[in-house]
Colleague: 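Below is a structure I'd like to ask you about.
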There are 2 protein chains.
Amino acid sequence: MIRKTPNSVTIAAIAKEAGVAPATVSFILNGKAQDRGLAEKTVQRVLEIADRLHYVPNEAARSLRRQRSATVGVLFAHLRDEWADRAVAGMREILGPADYVPLIAVHRFNPEWERQEIQTLLERRVEALICVPLTDDAGDYERVVKRGVPLIFLGDTLEGMPHANFVAWDAEAAARSAVRHLIEIGRRRIAFLGWNLSRPFIKVRYAAYCQTLEEAGLEVRDEWAAFFPIGESSAFQRGEIVASAIRRMFGRNRPRPDAVFASGDMLNTDALAALSEMGFRLPDDAAVATISSQPLMGHPLLGVSVVPVPTMELGREVARVALELIHHPENAPIQRVMPCGDLQAGRTTPADASGRRQGEAIAFSGRA
Amino acid sequence: MIRKTPNSVTIAAIAKEAGVAPATVSFILNGKAQDRGLAEKTVQRVLEIADRLHYVPNEAARSLRRQRSATVGVLFAHLRDEWADRAVAGMREILGPADYVPLIAVHRFNPEWERQEIQTLLERRVEALICVPLTDDAGDYERVVKRGVPLIFLGDTLEGMPHANFVAWDAEAAARSAVRHLIEIGRRRIAFLGWNLSRPFIKVRYAAYCQTLEEAGLEVRDEWAAFFPIGESSAFQRGEIVASAIRRMFGRNRPRPDAVFASGDMLNTDALAALSEMGFRLPDDAAVATISSQPLMGHPLLGVSVVPVPTMELGREVARVALELIHHPENAPIQRVMPCGDLQAGRTTPADASGRRQGEAIAFSGRA
DNA sequence: TTGAAAGCGCTAACAA
DNA sequence: TTGTTAGCGCTTTCAA
């Protein structure tokens with residue numbers, strides 16, 4: 001037995017019950033009674049009946065008739081790291097009052113799923129599409145643009161689409177700030193962990209890393225930089241790959257790195273796991289700095305220095321841009337780069353402000 | 001200027017172009033050409049044209065006509081803790097092949113938003129609603145049930161709705177296993193942190209804690225248990241409340257606890273932060289065990305013992321139940337409790353397997 | 001082997 | 001002050 005949508009109360013039923021025309025009901029339910037100059041008595045009666053019958057409008061019919069869905073598609077890579085949580089919170093703040101609803105989808109780094117999700121979103125006639133870009137490939141995105149649906153990249157953009165709309169954050173400043181911090185706390189041999197993608201806001205992190213080192217007169221060594229493919233299946237796998245890269249860097253004959261700049265989430269988690277597994281003391285053997293949208297990453301026990309990504313504000317801004325482009329598509333391209341927060345210093349050296357002696361592990365300052 | 005849905009290619013346009021009737025196109029596009037015995041030539045021509053015109057079906061029209069949305073609503077409390085990520089991954093596995101799409105919404109512990117989101121989902125005529133229950137209040141949920149839309153709670157259920165469908169996990173076994181572990185590693189004064197809710201699978205954790213202690217002949221002290229209100233605004237606030245509870249427990253005259261069972265996510269993070277801020281050594285001063293769906297929680301640096309929640313499998317199962325109820329509503333109520341994973345022991349005592357000496361902080365085992 | 005036609009629930013232009 | 005009407009794009013029954 002196939003279950004059908006419950007035969008819900010329609011506007012016609014209410015009209016019949018109230019002894020008025022469907023159109024009248026429609027106007028009243030949409031708060032346009034004034035415009036039509038309807039009698040207050042009629043309005044009340046209709047509202048009362050709608051309420052009593054538990055009327056719930058049928059959005060499909062409404063969209064079809066109005067030729068707009070009041071919907072914005074949001075395609076995430078995943079829902080981890082609080083990224084999505086905070087981005088969606090920000091979007092809601094903006095979309096809600098404008099009577100738009102976000103349609104959330106996830107591609108899990110799988111191009112095939114991404115295509116499917118985009119298709120589904122287009123079938124639902126989203127009026128704009130917010131999208132965390134997956135690969136360097138512009139193919140599927142161009143299709144969206146061709147259909148006249150405003151596309152806004154979130155968090156990065158694509159080299160191959162110079163006129164794409166995007167809302168990103170200042171990865172360059174973030175990377176600089178993280179690396180500079182490591183230098184300031186006395187580190188001289190800083191390793192880099194990054195993603196193996198040529199997206200602009202990914203690439204800029206390595207560039208900033210190099211520049212900051214050079215400005216400080218420090219060495220940039222190829223064998224201290226590692227780039228990893230992104231993907232979902234690699235959650236465990238990736239941990240292994242990152243670990244082996246770290247083993248390579250740290251296992252060699254000296255000099256080996258005394259700090260790690262993990263340029264994004266997941267890399268930082270993997271790096272911590274690997275370093276700890278190798279028996280390194282943090283920050284004695286390796287200080288870790290990262291850019292992250294994951295609050296736990298800033299936990300004192302981990303002792304990592306973190307530049308926080310302003311995810312919620314990104315969500316707000318990208319929603320604003322989406323609305324702007326829905327109403328004024330002629331304003332494309334809109335390209336915004338948001339500033340990121342100040343670095344939160346983790347533990348730095350064992351002999352830092354709290355005055356512990358060199359060599360002592362300092363997960364807890366001890367209370368004796 | 002208000003932007004309208006782009007005048008997309010319709011089935012009628014394709015029909016005209018191909019010189020056939022709209023109905024023919026519809027059949028072909030739905031893969032029912034066989035059933036109608038259409039000429040292969042016609043089929044090919046129509047498909048070619050649809051492709052050339054970049055036809056994308058209009059889901060609103062389709063839903064309206066078919067009187068079903070092919071959609072399942074999923075209402076989360078939030079998108080943190082990888083809960084949503086893994087639950088959605090599991091659901092996709094099941095819903096995708098059945099040609100259902102999940103509509104994801106978030107209520108952020110706000111009853112007003114929850115009502116709004118449920119309303120929005122009902123307007124979109126979801127065929128079932130999967131829902132992480134918010135409060136102890138059944139009001140809004142009953143409305144859903146009354147409309148004939150199958151409602152399935154995820155992760156817990158409500159006392160006030162004994163006939164509600166739900167898919168939960170075995171919180172009792174998880175709690176037992178966590179507390180037993182703390183006892184096994186020699187702890188005798190175990191504190192409890194929990195949520196101040198009377199939902200069955202929340203309540204059972206405290207009960208299991210008490211029972212396990214009693215079975216071991218240990219003392220259950222009221223002042224070693226703390227219950228916290230749940231809510232979003234309290235992210236920081238809650239941290240403070242948890243911290244003050246922990247200060248109260250640990251700051252007193254002896255005896256004070258030597259372990260903490262944080263019965264859920266967020267509580268564990270807060271507890272770690274508070275303990276570390278107070279300068280306690282883990283696990284010397286307090287061993288921490290918890291139930292969590294957050295992988296970082298199992299990180300060796302944190303040293304916490306974790307019972308993992310089988311979130312992805314919950315996602316799969318709840319999707320299966322949703323489909324079952326869509327097709328066979330007469331099978332309600334369906335109530336399932338999934339087993340949870342084995343406890344992953346964190347650091348236990350300072351003098352554990354790795355042979356460190358008593359009193360040494362052991363965030364890192366040291367490599368010298 | 002194909003076409004015609006009705007109608008899903010709603011809105012908005014036009015009449016009355 | 002209210003009603004009539006014509007679709008929005010699609011599916012599906014019935015007729016040819």
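Chain identifiers are assigned alphabetically (A, B, ...) following the order of the sequence lines, protein sequences preceding nucleic acid strands; residue numbering begins at 1 within each chain. All values below come from the heavy atoms of this structure, side chains included, with hydrogens, waters and symmetry mates left out.
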Colleague: Here's a test for you: under side-chain contact (heavy atoms from CB on, under 4.5 Å), which of Asp51(B), Leu47(B), Ile28(B), Val46(B) qualifies with Ile14(B)?
Modeller: Val46(B)
Colleague: Under a 4.0 Å threshold between the charged nitrogen and the carboxylate oxygen, would Arg68(B) count as salt-bridged to Glu127(B)?
Modeller: yes
Colleague: Within this structure, what is the CD1-to-P distance between Ile14(B) and dT11(D), rounded to whole angstrom?
Modeller: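 Checked: the CD1 to P distance equals 11 Å.
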Colleague: Counting just side-chain N and O atoms, does Gln67(A) come under 4.0 Å of either OP1 or OP2 of dT11(C)?
Modeller: no
Colleague: Leu64(B) CG to dG7(C) C1': how many Å, rounded?
Modeller: 9 Å
Colleague: Would you tabulate the nitrogen or oxygen pairs shorter than 3.5 Å linking the protein to nucleotides 14-16 of chain D?
Modeller:
residue	atom	partner	partner atom	Å
dC14(D)	N4	Arg36(B)	NH2	3.2

Colleague: Which nucleotide, dT1(D), dC10(C), dC10(D), lies nearest any side-chain atom of Arg62(B)?
Modeller: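 Nucleotide nearest to Arg62(B)'s side chain: dC10(D).
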Colleague: Ring centroids only, cut at 6.0 angstrom: are Phe109(A) and His78(A) within range, meaning strictly under it?
Modeller: yes
Colleague: Supply the atom-to-atom distance Asp85(B) CG to Arg80(B) CZ, rounded to the nearest 0.5 angstrom.
Modeller: 14.5 Å
Colleague: Just how far, in rounded Å, is C1' of dG7(D) from CZ of Arg65(B)?
Modeller: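 After rounding, the gap between these two atoms is 15 Å.
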Colleague: Any side-chain N or O of Asn30(B) less than 4.0 Å from the OP1 or OP2 oxygen of dT11(D)?
Modeller: yes
Colleague: What's the CG-C1' distance between Asn58(A) and dT11(C), to the nearest Å?
Modeller: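 Nearest whole value for this atom pair: 13 Å.
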Colleague: Rounded to the Å, how far apart are Ile11(A) CD1 and dA12(C) P?
Modeller: 11 Å
Colleague: Would you say dC8(C) has OP1 or OP2 under 4.0 Å from some side-chain N or O of Arg66(B)?
Modeller: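 So the side chain of Arg66(B) is outside the cut-off, no N or O lying under 4.0 Å from OP1 or OP2 of dC8(C).
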Colleague: Residues in side-chain hydrogen bond (donor to acceptor under 3.5 Å, both in side chains) with Glu317(B), at least two apart?
Modeller: Arg320(B), Arg336(B)
Colleague: Rounded to the Å, how far apart are Leu53(B) CG and dG9(D) C1'?
Modeller: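 In whole Å, dG9(D) C1' lies 15 Å from Leu53(B) CG.
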Colleague: Scan residues 16-29 of chain B against DNA chain D and write down, sorted by residue number, each residue with any heavy atom closer than 4.0 Å; if none is found, say none.
Modeller: Ala23(B), Ser26(B), Phe27(B)
Colleague: I want to check one thing: is the phosphate of dT12(D), taken as OP1 and OP2, less than 4.0 Å away from some side-chain N or O of Lys32(B)?
Modeller: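 True: Lys32(B) side-chain N/O within range (under 4.0 Å) of dT12(D) OP1/OP2.
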Colleague: With sequence neighbours excluded, tell me which residues meet side-chain hydrogen bond (donor to acceptor under 3.5 Å, both in side chains) with Tyr55(A).
Modeller: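 Not a single residue meets the side-chain hydrogen bond (donor to acceptor under 3.5 Å, both in side chains) criterion with Tyr55(A).
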Colleague: Figure out the CZ/C1' separation between Arg68(B) and dG9(C), and round it to whole Å.
Modeller: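 Going from Arg68(B) (CZ) to dG9(C) (C1'), I get 18 Å.
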Colleague: What pairs with Glu59(B) under side chain to side chain contact (heavy atoms under 4.5 Å, CB included), at least two apart in sequence or on another chain?
Modeller: Glu123(A), Arg124(A), Arg62(B), Ser63(B)
Colleague: Could you work out, with salt bridge (Lys or Arg N to Asp or Glu O under 4.0 Å) as the rule, every residue matching Arg65(A), not counting sequence neighbours?
Modeller: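 Partners of Arg65(A) by the salt bridge (Lys or Arg N to Asp or Glu O under 4.0 Å) criterion come out as none, since no residue qualifies.
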Colleague: Determine whether the side chains of Glu48(B) and Gln44(B) contain a donor N or O and an acceptor N or O closer than 3.5 Å.
Modeller: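 Note: Glu48(B) and Gln44(B) side chains miss the donor-acceptor criterion.
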Colleague: OP1, OP2 of dT1(C) versus side-chain N and O of Thr42(B): anything below 4.0 Å?
Modeller: no
